[in-house]
A.B. asks: 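Can you read through this structure? Questions will come right after.
Throughout, a chain's letter reflects where its sequence line sits, starting with A, and its residues are numbered from 1.
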Amino acid sequence: MRRYKFTMVVVLSLLTVLPSWAGAVTLRHVLSVYADEKDVGLNQPMGIACSDEARFAVADTGNKRVLLFKFDGSALSLLQNIKLGELPDPVKVAFDRKGGLVVFDAKARRLAQVSAEGKFVRYIEPTGMPDDKTIIPKSFSLDPEGRIYLLDIFGARVLVLDAEGKFLRQVRFPENYEFISDILVTPKGAILAADSAASELYKASPEENQLKVLNSDLEKSQVRFPVAIGLDERNFIYLLDKHSGSVAVLGPDGSLQEHKLAEGWTEGALWYPAGICVNDYGRAFISDTDNNRVQVFEMVR
Amino acid sequence: MNARKAIVISVVAAALLGLSVLAASAAQDKNPFKLKPGAKGKLCLQCHPNFEEKLKSRFLHTPVKEGDCSSCHSPHASSHGSLLAADPDKICLECHDGIVEKNAVSTHKVVLEGACIKCHDPHGAPNKNNLLASGNELCFGCHKDMKKTTEAAKVKHEPVSEGCLTCHNPHASTSAEFLLNEKVPGLCLECHDSKAKIFGQIHMHYPVEKGRCTSCHDPHGGNAKGILYATAHQPVVNRMCNQCHEPADSANPLATRRQGFELCRACHSTMVNEMFTKNQVHGPVLDQKGCLNCHSPHASRQSALLKAQPLNVCGKCHGDTIERQETAKTKHPPIQAGECTACHSPHASDNPFYFKEKSQFDLCGQCHEWQSHSTHPIGDEVKDPRNQNRTVMCTSCHRVHGNGNEHMFHYAPAGQMCVQCHTKFRR
């Protein structure tokens, strides 16, 4: 009987501790990327994307270029230095299914397709739209099938396009939104959207045609100005808070788990960061914008 | 005595006993301190003779009139000042608990604070409802700017002269914001007949009675004809509503011809085109509301048709940054003055943070003449030891929107700031 009681106590204690432990993650700084192979320093890097092959691409906005790196956990190598006249102000990048990149240029206000060789292929223009409204993109995300989710702030909607840009459907912004800065599509096709001004996180399941509030308490949780979203393989959400130089880790249901990192200039600290991605190797990549660098963190659980 | 009689007598006796208990309890409620008959207020006046003068006030608070001092004051001891029987900001509600209805849309701040005595004298006053002053003078005691505005207005709005309470409820409103007795335009239409011929002519036959009158007109009076706000959009002044709106006789006349910046671009093309030459356009300019995120399309009290004071306009999205300044030990004057645009270009910029200047030196140097003095090494050539991709700039040491430290230093005490770079001096 005594042994049974002891076992029960241990099991119950574990049940209490495990959920919080399961969500807990430590971001351990492993690398800071400051320059290209010619020692040209990064300048106001904005968007960042991770691929399955341990590659990452960063929009080095101040230098009007995109840099493609590989980091396998020990060695960092620069794969491409992409500077194109068609991309005067690249701010957001994503890997496509052909090994190339899709880049959003803030000045051109267009998406561009860049080949695996780093050559400009074309601008991706939405076609077959149900209306003739002006489209002003702010951000975008690609799903595993290559569909494009375009954040259209002028139309207050997320446009879902096929890889060629053909209109498939649209998802409206929620009521009372303020300013949505970034979206991310999950592997299962749900859309996450970060409202910087309202400090809220929205979500739309694949079958929904309007974003809904997933977490409206972020401001109370000291998330001040979320600007970018990352997602790990457990569907934990990493919300990059530009104004506090930190990362809010949220559970798949949007509940705040913990805050990570802090503002500063030394390695491991952030100063007005703008982009985040998480790869399958358990590493988080953050474009630490006003520190003019990219920082890589191991996610230790 | 038979059993039936006994039961009746017992019931009557029990009823009488109950009644007497109730009566005693009621008497105790009325006279909890068991004061002698006739004592009450007269007893208090024996020690508070100056209060006799107050009792001569034209209007007296009912308990004072009844000499019931102990309804508000405890004669023996109290945890509150003036021997009040309850918390000063709650005591009035013990009798006046219905003063703010549960479904109030807006409530006067002083009422929320329980500061009734800011308007009412709890004993007596020469004004009705024991008000400290009569008419608008009472309101102007706090709303001093409004007094200046209304007095300076060349074009007066009649209800203001009649009294603030013509439109506002002094305690709370269940109908509208700003303690208004009714929502706008309903409130305005109580006096202004939208069916009158002149009303239609003045408003170019647009159904403005469905809109918000206060988006153009200052209800407290002003200097412009038609009490338009000081800054009015030129098409409004020229009554060219159809420059932006669908024709007055169309199915949806209040709808705009285009959305967002595309509407404004028709006239402000130079500004919009110049904006689009910049690398970064401020997000709100490009969203569905566009220019109207920050500007009023009709008229405004603010310059440049801003919707509100700049700190409020910018603070709507950047509240955390404004808050940083509010709690800062050292205030940065441009922010304090609401001049966000002294450093930031609100529409578009080629520079980070929408700075007006590419170089921080040029930006900060507009006000700070540090170049003419000896200074800590600073500039594009001076590397920040903490980060090889940063140079030592003003913001390396100062948080320009403020923080909890003196001189807006990132660290306190100041020495802590220095050893961030001069590590060999760290203790």
A.B. asks: Just wondering, more than 12 heavy atoms not from A:Asp131 lying within 6.0 Å of its CG?
C.D. replies: yes
A.B. asks: Can you tell me if CD on A:Glu37 sees more than 12 non-hydrogen neighbours from other groups inside 6.0 Å?
C.D. replies: yes
A.B. asks: Parallel, tilted or perpendicular: which describes the rings of B:His410 and A:Trp271, with under 30° parallel and over 60° perpendicular?
C.D. replies: perpendicular
A.B. asks: So how far is it from A:Thr134 OG1 to B:Leu286 CG, rounded to the nearest 0.5 Å?
C.D. replies: 11.0 Å
A.B. asks: Kindly check if the number of other-residue, nucleotide or ligand heavy atoms within 6.0 Å of NZ (B:Lys109) is above 12?
C.D. replies: no
A.B. asks: Heavy-atom distances under 4.5 Å only: say whether A:Phe225 touches chain B with side chain, backbone, both or neither.
C.D. replies: side chain
A.B. asks: Answer with side chain, backbone, both or neither: which region of B:Lys289 has an atom nearer than 4.5 Å to a non-hydrogen atom of chain A?
C.D. replies: neither
A.B. asks: Side-chain contact test, heavy atoms from C-beta onward, threshold under 4.5 Å: evaluate it for B:Phe276 versus A:Arg109 and give yes or no.
C.D. replies: yes
A.B. asks: Please look at B:Gln420 and chain A and tell me whether the side chain, the backbone, both or neither of the residue comes under 4.5 angstrom of a heavy atom of that chain.
C.D. replies: neither
A.B. asks: Pick one of side chain, backbone, both or neither for A:Leu42, based on which atoms fall under 4.5 Å of a heavy atom in chain B.
C.D. replies: both
A.B. asks: What part of A:Gln44 lies closer than 4.5 angstrom to a heavy atom of chain B: side chain, backbone, both or neither?
C.D. replies: side chain
A.B. asks: Does atom NZ (B:Lys331) have a neighbourhood of more than 12 heavy atoms from anything else shown, all under 6.0 Å?
C.D. replies: yes
A.B. asks: So with a 6.0 Å cut-off around CD of B:Glu274, is the heavy-atom count from everything else above 12?
C.D. replies: no
A.B. asks: Near A:Arg169 CZ, under 6.0 Å, is it more than 12 heavy atoms from other residues, nucleotides or ligands?
C.D. replies: yes
A.B. asks: Decide if atom CZ of B:Phe178 counts as having more than 12 heavy atoms of other residues, nucleotides or ligands within a radius under 6.0 Å.
C.D. replies: no
A.B. asks: Quick one: does A:Ile153's side chain get under 4.5 Å of B:Gln288's, heavy atoms only?
C.D. replies: no
A.B. asks: At a 4.5 Å cut-off on heavy atoms, which part of B:Asn389 comes close to chain A: side chain, backbone, both, or neither?
C.D. replies: both
A.B. asks: With a 4.5 angstrom heavy-atom cut-off, is it the side chain or the backbone of B:Phe353 that approaches chain A, or both, or neither?
C.D. replies: side chain
A.B. asks: For a 4.5 angstrom cut-off between non-hydrogen side-chain atoms, does B:Asp287 reach A:Lys138?
C.D. replies: no
A.B. asks: Counting only heavy atoms closer than 4.5 Å, note whether B:Arg258 contacts chain A via side chain, backbone, both or neither.
C.D. replies: neither
A.B. asks: Would you mind telling me which of A:Lys64, A:Arg293, A:Lys107 has the largest number of heavy-atom pairs within less than 4.5 Å of chain B?
C.D. replies: A:Lys107
A.B. asks: Please classify the contact between A:Tyr272 and chain B as side chain, backbone, both or neither, with a heavy-atom cut-off of under 4.5 Å.
C.D. replies: side chain
A.B. asks: Does any heavy atom of chain B fall under 4.5 Å from the side chain of A:Asp89, the backbone, both, or neither of them?
C.D. replies: side chain
A.B. asks: With a 6.0 Å cut-off (strictly less than), is the heavy-atom count around CD of B:Gln309, excluding the residue itself, greater than 12?
C.D. replies: no
A.B. asks: I'd like to check B:Arg399 versus A:Glu263 (side-chain heavy atoms, cut-off strictly below 4.5 Å). Are they in contact?
C.D. replies: yes
A.B. asks: Are B:His318 and A:His243 side-chain neighbours, meaning at least one heavy-atom pair lies under 4.5 Å?
C.D. replies: yes
A.B. asks: At a heavy-atom separation under 4.5 Å, does A:Asp290 approach chain B through its side chain, its backbone, both, or neither?
C.D. replies: both
A.B. asks: Side chain, backbone, both or neither: which part of A:Thr61 has a heavy atom under 4.5 Å from chain B?
C.D. replies: side chain
A.B. asks: Do side-chain atoms of B:Asn387 reach the backbone of A:Thr266 as a donor and acceptor pair under 3.5 angstrom?
C.D. replies: no
